Amino acid sequence: STSMNMRSAFMHVGADLLRSMVTVLEGLLVIFGHTDGKSTDSLASLVVSITILSGVAAGVLAWSRQACLFFSRRSSEELLPDTPLVEFSRSLPDGLPECL
């Protein structure tokens, strides 16, 4: 979980850095490149949004892998022997989906 927290914090700081860099670049393009401010801002927002969404998708995939491993019978018994979670996982039906 610490790894996931650090990854989330890193992604947040990275998104802030990306947005700041794109804002400076778009300002330079408007001032020196004489581009339209609205269209430049729209394009910059689209680039930043797509980049952030792809990072979020990767984070959700990593989280779902960890959650799948955590709730699988084998890893639950290895990680948390003789706990209510293991008892719960033993009561689940066979044929649960394999972790990604």
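Because the structure is predicted, anything quoted here is derived from the model rather than measured.
Nearest heavy-atom pair across Met11 and Gly55 is CE-O, 3.0 Å. Closest heavy-atom contact between Ala62 and Arg7: CB-NH1, 2.9 Å.
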Which pairs would a plain distance check flag for residues 46-53, meaning a side-chain donor or acceptor within less than 3.5 Å of a matching protein atom at least two apart in sequence or in another chain?
unit_1	atom_1	unit_2	atom_2	d
Ser49	OG	Ser45	O	2.8
Thr51	OG1	Val47	O	2.8

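Grouping Ile, Leu, Val, Met, Phe, Trp and Tyr by side-chain contacts under 4.5 Å, direct or through others, puts Ile31 with Val24, Leu28, Phe32.
The hydrophobic cluster containing Met21 does not contain Leu43, counting ILVMFWY residues as joined when their side-chain heavy atoms lie under 4.5 angstrom apart, directly or transitively.
For the atom pair OG1 (Thr23) and CG (Asp41), the distance works out to 7.5 Å, reported to the nearest 0.5 Å.
Thr35 is linked by a side-chain hydrogen bond (donor to acceptor under 3.5 Å, both in side chains) to Thr40, counting only residues two or more places apart in sequence or in another chain.
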